[in-house]
Amino acid sequence: MSKMWAIVKEEAKPGLAFRQINIPVPKNDQVLIRIKKTAICGTDVHIYDWNDWAARTIQPGMIIGHEFCGEIVAAGQQVHGFSVGERVSGEGHIVCGQCRNCLAGRRHLCRQTQGIGVNRSGAFAEYLCMPQTNIWRIPDDISDEVAACFDPLGNATHTALSFELIGEDVLITGAGPIGIMAALICQYAGARHVVLTDINDYRLELAREMGIRWTINVSRQSLSDFWSALKLKEGFDVGLEMSGSADAFRQMIDAMYHGGKIALLGIPDAQARIDWQKVVFNGLTIKGIYGREMYETWYKMTTMLQSGLDISGLITHRLPAEQFESGFQLMKNGQSGKIILDWANVSPSAG
Ligand code: NAD
Ligand code: ZN
């Protein structure tokens, strides 16, 4: 059987390995994808580091990775509507199809979701098998690199489009890749002011370079100092929490107008405390966000990219796949946007 190169969590400890594995064979309802580009996500870094969540969740031997773009090279007998040669990305959450939410078309809320690169083989490999239900075709005017970022762009899109944005003042905490993309979407969608906070100057500078007009380093400056410049009377209308920091979430709660709406994508510590009285007395709405809507989010992000949304500047580093180790180190020191791994010509001796 022919082999492929893949990035594997080999042992139950920190680190990852570049290994040769059998190329998977697509089942009847699956396509086989030749991976072209992948992007590294914070989740992959958690798996690399072997934090508590990873140790509880990942079976050693797992091929990791879930942000990808590739080309269909084979299809199972029951696959219809897709053909060999098509450029695709895909939704990494494989749902059960039978629970109440799946049956109602709310597949992002399935209780039995299996994640590629987490619970089943992932995309950091030369080949990936996926059910045809999860494949998303990439139009010609969207590059491989940008398509490899559809998974996090989908998180940003799903979160940002959770609430009405036209004319609203939006606070986004956390200028990681997802926060920056969400800020671009809110500006694109017609918000009045979009304010993006972080404590990392590299990230805020990257956001400014990409056209985000209001960026604040909250380790040095206070949000309230900007109130009058922003012409804010009563606070922010919409908040998108994208840092996972409880401090940021508390700051957001304090900065919202009464009746404000908050979407929470960042994953805070399970025991993080907030002032619930403010949530009640100020009539705040808080919505938890997981993943992307299948497939309305995919549709919207594709069409926004085709009509002027530009996220390409977020890609700050490009590496051959075999040099993944450098990519993970860059991610860890916070001096990067999205990092792309190229799988077109894998030659491990160069790694
Ligand atoms: P990231 O770690 O690259 O970015 C988070 C940013 O928050 C960093 O730049 C960090 O400096 C900043 N930050 C830390 N403390 C802050 C504070 N007090 N105020 C403002 N900013 C602060 O992460 P990312 O890849 O952009 O993802 C964003 C968040 O969303 C993470 O928490 C991630 O775990 C989470 N996430 C959730 C889902 C989901 O489905 N719910 C999916 C993907 C990512
Ligand atoms: Zn389900």
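Start at 1 and go down the list; that is how both ligands and their atoms are numbered. Just so it is clear, the structure is predicted and the values come from calculations on it, not from any experiment.
Ring geometry for W136 against W298 counts as tilted: the plane angle lies between 30° and 60°, on a 0 to 90° scale. Between Y290 and H93, the angle of the ring planes stays under 30°, which puts this pair in the parallel group of the 30/60° scheme.
Close approach to G244 involves these atoms of ligand 1, each under 4.0 Å from a residue heavy atom: 32 (O). Atoms of ligand 1 lying under 4.0 Å from any heavy atom of A248, numbered from 1 in the order shown and given with element: 17 (C), 18 (N), 19 (N). Of all atoms in ligand 1, listed by their number and element, those nearer than 4.0 Å to a heavy atom of N155 are 40 (O), 42 (C), 43 (C). Each of the following atoms of ligand 1 lies closer than 4.0 Å to a heavy atom of V218: 19 (N). The distance from ligand 1 to the heavy atoms of P177 drops below 4.0 Å at these ligand atoms: 3 (O), 26 (O). Less than 4.0 angstrom separates some heavy atom of M242 from each of these atoms of ligand 1: 5 (C), 28 (C), 29 (C). Heavy-atom proximity to T197, at under 4.0 Å, picks out these atoms of ligand 1: 20 (C), 21 (N).
One hydrophobic cluster holds both M301 and L161 under the rule that ILVMFWY side chains link at heavy-atom gaps under 4.5 Å. Under the 4.5 Å side-chain heavy-atom criterion for Ile, Leu, Val, Met, Phe, Trp and Tyr, L103 and L109 are members of distinct hydrophobic clusters.
Considering the Zn ion (ligand 2) as centre, the angle to SG of C96 and to SG of C102 is 120° (10° rounding). Angle SG(C99) to the Zn ion (ligand 2) to SG(C110), rounded to 10°: 120°.
Distance screen at 4.0 Å: atom 2 (O) of ligand 1 has no protein heavy-atom neighbour inside the cut-off. For atom 32 (O) of ligand 1, a protein non-hydrogen atom is found at a distance below 4.0 Å.
Note on D198 versus R203: no salt bridge recorded, every NZ/NE/NH1/NH2 to OD/OE distance being 4.0 Å or above. Salt-bridge formation is detected for the pair R87/D144: a Lys NZ or Arg NE/NH1/NH2 atom is positioned less than 4.0 Å from an Asp or Glu carboxylate oxygen. By the 4.0 Å N-to-carboxylate-O rule, D254 lies close enough to K278 to be salt-bridged with it. Checked for salt-bridge contact, R34 and E126 meet the test: a charged N lies under 4.0 Å from a carboxylate O. Taking the charged nitrogens against the carboxylate oxygens, K231 and D169 have no contact shorter than 4.0 Å, which rules out a salt bridge.
The distance from the CZ atom of F124 to the CD atom of E67 is 6.5 Å, given to the nearest 0.5 Å.
Ligand 1 has a nitrogen or oxygen under 3.5 angstrom from a nitrogen or oxygen of S245. Ligand 1 has no nitrogen or oxygen under 3.5 angstrom from a nitrogen or oxygen of G42. Residue-to-ligand polar distances keep A175 apart from ligand 1: every N/O pair is separated by 3.5 Å or more. Considering backbone and side-chain atoms together, G179 places no N or O closer than 3.5 Å to any N or O of ligand 1.
Atom 40 (O) of ligand 1 has its closest protein heavy atom at G291 N, 2.9 Å. Of all protein heavy atoms, the one closest to atom 14 (C) of ligand 1 is I199 CD1, 3.9 Å. For atom 39 (C) of ligand 1, the closest non-hydrogen atom of the protein is L265 CD1, 3.5 Å. Ranking protein heavy atoms by distance to atom 7 (O) of ligand 1, first place goes to S243 CB, 3.3 Å. Of all protein heavy atoms, the one closest to atom 41 (N) of ligand 1 is I289 O, 2.8 Å. In terms of protein heavy-atom proximity, atom 4 (O) of ligand 1 is nearest to G176 CA, 3.3 Å. Nearest non-hydrogen protein atom to atom 27 (O) of ligand 1 is I178 CD1, 3.5 Å.
A heavy-atom distance below 4.5 Å is not found between the side chains of F324 and T38. Contact of the S245 side chain with the T173 side chain is not registered, since no non-hydrogen atoms from C-beta on lie closer than 4.5 Å. Using a 4.5 Å heavy-atom cutoff, the side chains of Y48 and Q329 are in contact.
When every heavy atom of K37 is checked against every heavy atom of A148, the shortest pair comes out as O-CB, 3.7 Å.
By heavy-atom distance, the residue among D198, D247, L204, I267 lying nearest atom 10 (C) of ligand 1 is D198.
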